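As the structure is a computational prediction, the values presented were derived from the model and not from experiment.
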Amino acid sequence: MSQPHAARRRRLLTQIGDGVVLLPTAPEAVRNADCHYPYRADSHFLYLTGFAEPEAVLLLDGRSGKSILFCRERNPEMEIWEGFRHGPDGAREVFGFDEAYALSEMAARIPELLIDRSQLWWPLGDDEAFDRRVNTWLEAVRAQARSGARPPSHYGDLRVLLDEMRMVKDEDEIALLRRAGEISAAGHVQAMRAARPGMHEYQLEAELLHAFVSRGARYQAYESIVAAGANACTLHYVANDAGISDGELVLIDAGCELQGYAGDITRTFPANGRFSGPQRDVYEVVLAAELAGIDAVKPGAAWHAPGDAALRVLAQGMLDLGLLSGTLDGVIESGAYRRFYMHGVGHMIGLDVHDVGQRKLHGQWRSYQPGMCTTIEPGLYIRPADDVPAAFHNIGVRIEDDVLVTADGNEVYTAAAPKTIAEIEALMRGE
């Protein structure tokens, strides 16, 4: 476990000179009464440590090159109630830290490590409580000014460095993303097989959860969207409590989380196993747009290229279906297409389902590099209106896959979830 995380820490250390990095993990959050939400460590902290326990702080010392963890001590009485803790000794041995200490030692050790350093990096402004602790440690250094101690003169937002590092995935991250994609795809397949008119959306959500958990992914990467009929025209519909009627489409946007890494897939399918003519027409437009977007993901391509490619297909489809009138360039330039397609074509994916990283540098679109991961997810959402053909009312279709940029193109690592009409109908027939 420790090797990829140690390599990432070393990469970060090369960027900070003689500076110091301080990074806390996420706090626990109370759900109600004395119950907490399931704990999820901070993504940046997971990226650098792999350490998933709460109440921990990572320190990277640019002068010595050491990585130091402060964490909870072993506590046999508390472990009876809450489970195993690694403690400093266990954390050092298992996760490859150079040193590890109890949280109670931070007040004494951290100020000493800040003396006469040129820079200090932490997630500035992310957590007021931790900002106050950093200020306390800096004040402890300033209190030694008469003896010549000086605090760092430069303060930097650590997220700027880590956001950039995390944009390109290493081999270990890619392996986890592929597996998260496989498990997520299995959930979609299981939901399609189980779907029948007369069910409720939450019953299909249960199929997803069963597929995820039974394959070792205990948590969803985000709250699943299971939207039947008109609900599919609400982009972030999560009530998942409506009945599913014969003749409706079901849109499922769901993915598992595996060791912190997210899957994110959307599939749209007919509840009764067979697309109607209008549903088929809309679906084919969205599928063609998705394929065009995926084809544009390649090394050296500008980040906006997949969105531009998918949009042209969608806009032409809106014209062909009679949803819009005019010319292709006209409906794009005017933004008329946004009535039926109001979001972007995708986002980065990794430890966060909407992963970190800047798509532009110095005002210019950046280019794809091998190791980057993105979703491609065009859609059409057709709400009833007097000027919309009645056959298309309440049809919502989105198709989404996770795509890895490779040296010679891309890899759709969520392809195990069927998405052509023929594949979907065959699966739902039990073939």
Side-chain angles (χ1 to χ4, degrees), residues 1-2 4-13 16 18-29 36 39-79 82-117 119-144 149 151-152 155-159 161-162 260:
M1 179 184 294
S2 62
H5 301 96
R8 295 166 200 159
R9 296 195 293 268
R10 289 193 294 270
R11 283 176 55 205
L12 181 56
L13 280 162
I16 65 168
D18 74 340
V20 172
V21 162
L22 290 171
L23 177 62
T25 193
E28 293 182 286
H36 289 76
Y39 183 69
R40 205 304 191 150
D42 174 79
S43 291
H44 285 320
F45 193 87
L46 279 178
Y47 178 73
L48 291 177
T49 70
F51 189 76
E53 294 181 23
E55 298 183 73
V57 174
L58 173 68
L59 185 150
L60 299 183
D61 182 354
R63 185 170 292 170
S64 68
K66 289 183 177 180
S67 60
I68 302 169
L69 184 76
F70 295 91
C71 64
R72 300 179 304 182
E73 294 185 84
R74 296 293 307 274
N75 185 325
E77 183 176 350
M78 291 302 298
E79 289 178 52
E82 299 176 352
F84 175 76
R85 297 179 179 184
H86 281 90
D89 291 340
R92 184 174 57 250
E93 179 179 347
V94 173
F95 297 91
F97 300 107
D98 297 296
E99 299 175 14
Y101 302 101
L103 291 166
S104 59
E105 297 190 44
M106 287 196 298
R109 293 185 179 274
I110 290 180
E112 292 302 309
L113 290 170
L114 299 181
I115 293 174
D116 295 336
R117 301 305 179 95
Q119 50 191 306
L120 172 62
W121 297 84
W122 82 95
L124 271 162
D126 184 54
D127 182 335
E128 290 185 13
F130 191 73
D131 286 350
R132 289 194 294 270
R133 296 176 84 177
V134 172
N135 286 332
T136 298
W137 297 325
L138 290 170
E139 285 300 324
V141 177
R142 294 186 184 103
Q144 303 177 58
Y155 303 139
D157 187 346
L158 178 60
R159 292 168 295 185
L161 303 180
L162 289 177

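Within the 4.5 Å cutoff, the side chain of R133 has no heavy atoms near those of the E128 side chain. Between L158 and H44, every side-chain heavy-atom pair lies at or beyond the 4.5 Å cut-off. Side-chain contact between W121 and L161: present, with at least one pair of heavy atoms (C-beta onward) separated by less than 4.5 Å.
Checked against L59 for a side chain to side chain contact (heavy atoms under 4.5 Å, CB included), the options V21, L114, L113 give a single hit: L113.
Between H5 and F51, the ring centre distance reaches or exceeds 6.0 Å.
Nearest heavy-atom pair across G87 and C71 is C-SG, 3.7 Å. Between S67 and G96, the shortest heavy-atom distance links the atoms OG-O, 4.2 Å. Taking each heavy atom of A41 and T25 in turn, the nearest pair found is CB-OG1, 3.5 Å. A pairwise comparison of heavy atoms in L22 and P123 identifies O-CD, 3.5 Å as the closest pair. Nearest approach of A140 to Q144, heavy atoms of both residues: O-NE2, 3.3 Å. Between L60 and L12 the shortest heavy-atom distance is CD1-CD2, 3.6 Å.
The distance from the CZ atom of R40 to the CG atom of L46 is 5.5 Å, given to the nearest 0.5 Å. With rounding to the nearest 0.5 Å, the separation of CZ in F84 from CG in N75 is 12.5 Å. To the nearest 0.5 Å, the span separating CG on L162 from CZ on F45 amounts to 12.0 Å. Within the model, atoms CG of D131 and OG1 of T136 stand 10.5 Å from one another, a figure rounded to the nearest 0.5 Å. For the atom pair D98 CG and D61 CG, the distance stands at 9.5 Å (nearest 0.5 Å). Here the CD-CZ distance, from E53 to R72, works out to 5.0 Å after rounding to the nearest 0.5 Å.
The neighbour count for R85 CZ, taken as heavy atoms of other residues, nucleotides or ligands under 6.0 Å away, is above 12.
With hydrogens and angles disregarded, a donor-acceptor distance shorter than 3.5 Å links the side chain of Q119 to the backbone of I16. Side-chain atoms of R9 come within 3.5 Å of backbone atoms of L48 as a donor-acceptor pair (strictly under, hydrogens ignored). With R117 contributing its side chain and V20 its backbone, the two residues share no donor-acceptor pair below 3.5 Å. Side-chain atoms of E105 do not come within 3.5 Å of backbone N or O of Y101 as any donor-acceptor pair. Between the side chain of E99 and the backbone N or O of L69, no donor-acceptor pair lies under 3.5 Å. Distance alone, capped at 3.5 Å, places no donor-acceptor pair between the R142 side chain and the P151 backbone. At distances below 3.5 Å, not a single donor-acceptor pair connects side-chain atoms of Y39 with backbone N or O atoms of P27.
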(request) Check the pair I110 / V134 against side-chain contact (heavy atoms from CB on, under 4.5 Å), numbers first and verdict last. (result) CA-CA 9 Å; I110 290 180; V134 172; over 6 Å; no
(request) Could you walk me through whether R63 and D18 pass the salt bridge (Lys or Arg N to Asp or Glu O under 4.0 Å) test, one step at a time? (result) CA-CA 4 Å; R63 185 170 292 170; D18 74 340; 3.3 Å; yes
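Taking R92 as the reference, D89 meet the side-chain hydrogen bond (donor to acceptor under 3.5 Å, both in side chains) condition, with sequence neighbours excluded. Checked against salt bridge (Lys or Arg N to Asp or Glu O under 4.0 Å), R11 has no partners two or more places apart in sequence or in another chain. With sequence neighbours excluded, no residue forms a salt bridge (Lys or Arg N to Asp or Glu O under 4.0 Å) with E28. Residues satisfying the salt bridge (Lys or Arg N to Asp or Glu O under 4.0 Å) test with D116, not counting sequence neighbours, are R150. Partners of Y155 according to the ring-ring contact (aromatic ring centres under 6.0 Å, His included) rule, which considers only residues two or more places apart in sequence or in another chain, are W122. With sequence neighbours excluded, the residues that form a side-chain contact (heavy atoms from CB on, under 4.5 Å) with D157 are L124, R159, V160.
At least one test fails for R109 against the ring of F70: distance under 6.0 Å to the centre or angle within 45° of the axis.
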